[in-house]
Number of protein chains: 2
Amino acid sequence: MHSPSNILRHNVKQLDDRVLAYVADYFQALSEPLRLKILNELRGSARNVNDLTTRLSCSQANVSKHLGVLARRGFVVREAQGTAAYYRIADAAVYELCDLVCGQIADRLRDEVAALKSLDGAAERRRTSPASRAR
Amino acid sequence: MHSPSNILRHNVKQLDDRVLAYVADYFQALSEPLRLKILNELRGSARNVNDLTTRLSCSQANVSKHLGVLARRGFVVREAQGTAAYYRIADAAVYELCDLVCGQIADRLRDEVAALKSLDGAAERRRTSPASRAR
DNA sequence: TCTCTATATTACTTTATAGTTATTTATGAT
DNA sequence: ATCATAAATAACTATAAAGTAATATAGAGA
C-alpha cells in the first residue's frame, strides 16, 4: 500500500485528476496580489477585517471576500471576537512556498540583471571601439 | 543597499506592487490542471507538441496555448527541430514548489483522514454504548 | 513548385472571478 | 427596544482566461 504522501509525490504517471485539481486550486488561491498582501499582513499576528481594510486601503467587502477564499482553502481561520472577526494563519506552510517562490524569482531577476549588464558592457565596448563602428 | 533576495524575501512591510504581481503571476501559471500535467510530462525529458497532445489527450491548439503561457513565464523553453517544437523545462525549481505543495496537501489530507477516523470511532462508540443513545 | 505535416494564431463562446455598491446579519451599547 | 458598528452577502459589471474550430505559417520531402 502507499502512504498518502507517496501517492501524491511519486505517482508521477497518471496523476489523479482530483489531486491535480486540488493542487491547481491551491496555487490559484495564491495567484491574487491582494490575497498575498493579506497573507503577508497575517504573518506574525491575527488581524480583523477592519484592520486589514485600512492597512491595505481597499474595500471591506473585497477583503471579506478574499478572506473567505483563503478560509475555504484552509489557509486562514476565522475567530469571532465581539462584532469583529479576527483571522489568523491556519497553515504556516504557505510561507515556505512564498519564500521559495520569492527566492526563485530573485534568482531569475539576478540572472536577468547579469544578462543586461553583460549586454550593457558589450554595448559600451562597441561604443568605445571605433573599429566595430564600420558595418 | 539590499541584495535582490533581501528586497524580495525580507522587506515584509510595503511589498512593492510589481513584485507582488510577479509572484501572483508565478502562482497563476501553476493554477491550471492542464499546465501542471504538461510540466509533469516534461519531468525527465523534452517533448514536442504532438507527443503532449496525444499523451494528455487534448487538443493541439490548447496544448500550444498552455505551452505559450509556460514559455512566456520562463518555465519552459522551446526548441525547434524540423517542423516539430520540443519543449523542455527551463526552471527545474518549479518541481520543488510542486513537491512542497503536494507534501503540504498530503499533510492536510492525513489530518483530515485522521479527523474523520476519530469521528468515526466516536460514532462507533456511541452506537455500541446504549447509555448515550438517550437524548 | 506542390504537398504534407507540425505548430502557432485568430476569432469566438463560455465560465470564473475581481471589484463595487447596496443590503443584510449579528453583536454590543445606550 | 433602538442605535451604532463590524462583517458577510447579494447583485452587478468588467475582465481574463480556458477550450474549440478554423485558419495561417513554416519546414521537409516529392
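Here the structure is a predicted model, which is why all the values come from computation and not from measurement. All values below were derived from every heavy atom in this structure, side-chain atoms included, with hydrogens, water molecules and symmetry-related copies excluded. To find a chain, count down the sequence lines: A is the first, B the second, and so on, and within it residues start at 1.
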**Asked** Looking at A:Phe75, does the NZ or CZ of B:Arg108 lie under 6.0 angstrom from its six-membered ring centre and within 45 degrees of the ring axis?
**Response** yes

**Single-linkage hydrophobic cluster, 4.5 Å side-chain cutoff, B:Leu42 and B:Tyr86 together** = no

**Item:** A:Leu67 CG - D:dA6 C1' separation (whole Å)
**Value:** 13 Å

**Request:** Report yes if the side chains of B:Leu100 and B:Glu96 come closer than 4.5 Å at any heavy-atom pair, otherwise no.
**Result:** no

**Fill in**
Outer limits of DNA chain C sitting under 4.0 Å from a non-hydrogen atom of chain B, read 5' to 3', are C:dA6 to C:dT9

**Relative orientation of the end axes in the helix from C:dT1-D:dA30 to C:dT30-D:dA1, expressed as an angle to the nearest 10° (five pairs per end)** = 10°

**Request:** Report the C-alpha distance between A:Leu20 and B:Asn40 in whole Å, list the side-chain angles of each, state the deciding distance to 0.1 Å, and finish with yes or no for side-chain contact (heavy atoms from CB on, under 4.5 Å).
**Result:** CA-CA 11 Å; A:Leu20 226 36; B:Asn40 196 45; over 6 Å; no

**Request:** Verify the contact: side-chain N or O of A:Arg78 to OP1 or OP2 of D:dA7, cut-off strictly under 4.0 Å; return yes or no.
**Result:** no

**Message:** Quick one, A:Lys37 with B:Asp16, criterion salt bridge (charged side-chain N to carboxylate O under 4.0 Å, His left out). Give me CA distance, side-chain angles, the key distance, then yes/no.
**Reply:** CA-CA 10 Å; A:Lys37 280 190 195 178; B:Asp16 187 281; over 6 Å; no

**Message:** Could you tell me if the side chain of A:Leu97 sits less than 4.5 Å from the side chain of B:Phe27, heavy atoms only?
**Reply:** yes

**Fill in**
Across all chains, not counting sequence neighbours, the side chain to side chain donor-acceptor pair (under 3.5 Å) partners of A:Gln60 are A:Ser64

**Prompt:** Over how many whole Å does the gap from A:Asn48 atom CG to D:dA8 atom C1' extend?
**Reply:** 14 Å

**Prompt:** So, is A:Tyr87 close to the D:dA6 phosphate, meaning a side-chain N or O under 4.0 Å from OP1 or OP2?
**Reply:** no

**Item:** Under 4.0 Å protein heavy-atom contacts per nucleotide of nucleotides 9-18 of chain D, with B for base, S for backbone only and - for none
**Value:** B-------SB

**Message:** Once salt bridge (charged side-chain N to carboxylate O under 4.0 Å, His left out) is applied, do any residues pair with B:Asp111, and if so which ones, sequence neighbours excluded?
**Reply:** none

**Message:** Applying side-chain contact (heavy atoms from CB on, under 4.5 Å) to B:Arg88 and B:Val76, what does each step give before you reach the verdict?
**Reply:** CA-CA 5 Å; B:Arg88 62 177 170 75; B:Val76 301; over 6 Å; no

**Message:** Could you work out, with ring-ring contact (aromatic ring centres under 6.0 Å, His included) as the rule, every residue matching A:Tyr87, not counting sequence neighbours?
**Reply:** none

